[in-house]
Amino acid sequence: MDFRLTEEQARFRDSVLRFAQKELAPGALERAHASGYPWDVAKRMAAQGLLGITIAEADGGQGGTLLDAVLAIEAVASACPRSADVVQAGNFGPIRVLAQYGSAAQKSKYLSRLLTGESVIAVGMTEPDAGSAVTDLKTTAAPVDGGWRIDGSKVFTTHSAYAELLLLYVRFGPGVGGIGSVLLERSSHGVQVGRKSHFMSGEEWTQLHFENVFVPQERLLLGEGGFKKQIAGFNVERIGNAARSLALGRYAYEAARAWAMQRRQFGRLLCEFQGLQWKFADMKIKLDAAQLLLYRAAANADHGLPSAEETAIAKAYCNQAGFDVANDALQVMGGTGYSQETLVEYCLRRCRGWMIAGGSIEILKNRIAEAIFERSFPQR
Ligand SMILES: Cc1cc2nc3c(=O)[nH]c(=O)nc-3n(C[C@H](O)[C@H](O)[C@H](O)COP(=O)(O)OP(=O)(O)OC[C@H]3O[C@@H](n4cnc5c(N)ncnc54)[C@H](O)[C@@H]3O)c2cc1C
């Protein structure tokens, strides 16, 4: 077993790092506090080949591996934490599910604008009464002439304020087996954008209501029985979520490390106090352990989809580690860490959200317990 990156991987990571330091580090603070999607970053990343890293070349992507995409998130976030979201949107999220299961016509219609950074796709799973229990979703797809009629609501959808395209989880029939998905253009007649809100991170989201929305037959992604495949694709999104937790935890750690080597109190550098040295040792242990679990899940997936169990372990650990490390880093930096002069408080707020988004830590631990005991534990 070799824990080092290959020469090719190291070269790729270093080239992303150079790009990120030159193009994204300037303005990183302002970008984190700006509303809306960083379209300028998306276009620059597209030109750099950082959107569609794991998507086949035949579909307009780079034909790389999931680990390459993880390396890109880490390198980008080390210079500009907010820009890591663009790597997520262009590689790990619903774009990956579209590339995996979409028809040739769907891919040719939608992928090109997503891969040039002109458009973004959102995934609508969560509903007011279906959060962790996502299979309770009530948004229905009823058959009509030439397609489907969609009725229902979605909440907490990331990018919902500006995404052109939605990958919508819908119900064609009863039970888990009745769930599938459609591609819905947000401009479709009957899509109502409800109240605007913000997460603690500052990201906007809007309620989405669907009233008698027509979706033509050719926009069906996965019909009845599609839920398992959708979640298999969603595990890629979870890897990107875990990678950002780790990367933003590391960003905060590096800021605190630099601070501890130049800030003096009681006539000594902060890094000379043992109470803080042990905090740093704990942070480093957590970051290294999280990285190993993340790389295992990503490397084992290679071009395909990562295993549910390895993904759950990596995400649960990275989410907790990223938050704990960002929290300790903030503490080490005192009032400066708590203020918006640096991005440490931003990293903490972002990491907090990923403990809930994309399968909360508790739900992932339920999944891990099922693997441990080799049986399912229905929560109902
Ligand atoms: C930053 C952010 C981004 C998001 N982006 C999207 C998106 O793009 N698309 C989308 O569809 N959704 C999105 N979500 C929604 C997210 O998927 C849900 O918030 C999540 O699934 C939890 O659902 P809930 O908020 O309804 O909490 P609930 O399901 O009500 O859970 C509340 C608490 O109870 C715990 N809990 C629930 N059931 C169990 C159980 N059986 N065992 C142990 N603990 C349990 C949960 O872990 C949680 O801590 C996002 C959320 C956040 C915070």
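In listed order, ligands and their atoms are each counted from 1. Model, not experiment: these values are computed from the prediction.
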Answer yes or no: is there a donor N or O on one side and an acceptor on the other, between the side chain of R171 and the main chain of V176, under 3.5 Å?
no
Which protein heavy atom lies closest to atom 49 (O) of ligand 1, and at what distance to 0.1 Å?
E362 OE1, 3.6 Å
Passes side-chain contact (heavy atoms from CB on, under 4.5 Å), Q88 versus E237? Steps please.
CA-CA 8 Å; Q88 170 82 10; E237 173 140 9; 3.7 Å; yes
Considering only non-hydrogen protein atoms, determine which one is nearest to atom 26 (O) of ligand 1 and report residue, atom name and distance to 0.1 Å.
G131 CA, 3.3 Å
By the salt bridge (Lys or Arg N to Asp or Glu O under 4.0 Å) test, which pairs, at least two apart or in different chains, include something from residues 197-213?
K196-E204, E203-R350
Suppose I only count heavy atoms of S360 and a 4.0 Å limit; which atoms of ligand 1 are within that range?
46 (C), 47 (O)
Mind listing the closest non-hydrogen atom pair of T311 and N235 along with its distance?
CG2-O, 3.5 Å
Of the side chain and backbone of I361, name the one, both, or neither that has a heavy atom under 4.0 Å from an atom of ligand 1.
neither
Starting from atom 3 (C) of ligand 1, locate the nearest protein heavy atom and write down its residue, its atom name and how far away it is, to 0.1 Å.
T158 OG1, 3.3 Å
May I ask you to check if ligand 1 and A357 share an N or O to N or O distance below 3.5 Å?
no
Taking NZ, NE, NH1 and NH2 as the nitrogens, is one of them in E254 or R250 under 4.0 Å from a carboxylate oxygen of the other?
no
Which of the ligand 1 atoms, numbered from 1, are nearer than 4.0 Å to a heavy atom of Q379:
40 (C), 41 (N), 42 (N)
What part of M125, side chain from CB on, backbone N/CA/C/O, both or neither, has a heavy atom under 4.0 Å from ligand 1?
both
Quick one: list whatever passes ring pair (Phe, Tyr, Trp, His ring centres under 6.0 Å) with Y37, sequence neighbours left out.
W39, H159, Y162
Considering all protein heavy atoms, does one lie under 4.0 Å from atom 14 (N) of ligand 1?
yes
Step-by-step ring-ring contact (aromatic ring centres under 6.0 Å, His included) determination, W354 to F323:
CA-CA 9 Å; W354 293 317; F323 177 75; over 10 Å; no
Is V123 close to ligand 1, meaning an N/O of one under 3.5 Å from an N/O of the other?
yes
Where is the nearest protein heavy atom to atom 18 (C) of ligand 1: which residue, which atom, and how far?
T126 OG1, 4.0 Å
Distance from atom 29 (O) of ligand 1 to nearest protein heavy atom, with residue and atom:
S132 OG, 2.6 Å
Give the residue, atom name and distance (to 0.1 Å) of the protein heavy atom nearest atom 19 (O) of ligand 1.
I356 CG2, 3.6 Å
protein heavy-atom neighbour closest to atom 39 (C) of ligand 1 works out as I363 CD1, 3.7 Å
Distance to 0.1 Å, residue and atom name: give those for the protein heavy atom nearest to atom 6 (C) of ligand 1.
F156 O, 3.0 Å
Below 4.0 angstrom, N of the basic side chain to O of the carboxylate: do R82 and D85 qualify?
yes
Does a side-chain N-to-carboxylate-O contact under 4.0 Å join R380 and D136?
yes
What do you reckon, does T157 have a nitrogen or oxygen under 3.5 Å from a nitrogen or oxygen of ligand 1?
no
Heavy atom of protein inside 4.0 Å of atom 34 (O) of ligand 1, strictly below
no
Considering non-hydrogen atoms only, spot the tightest contact between Y110 and E185 and give its length.
OH-OE2, 2.6 Å
Is atom 52 (C) of ligand 1 near the protein, in the sense that some protein heavy atom lies at less than 4.0 Å from it?
yes
Does the plane of the ring in F227 sit parallel, tilted or perpendicular to the ring in Y169? Use 30° and 60° as the thresholds.
perpendicular
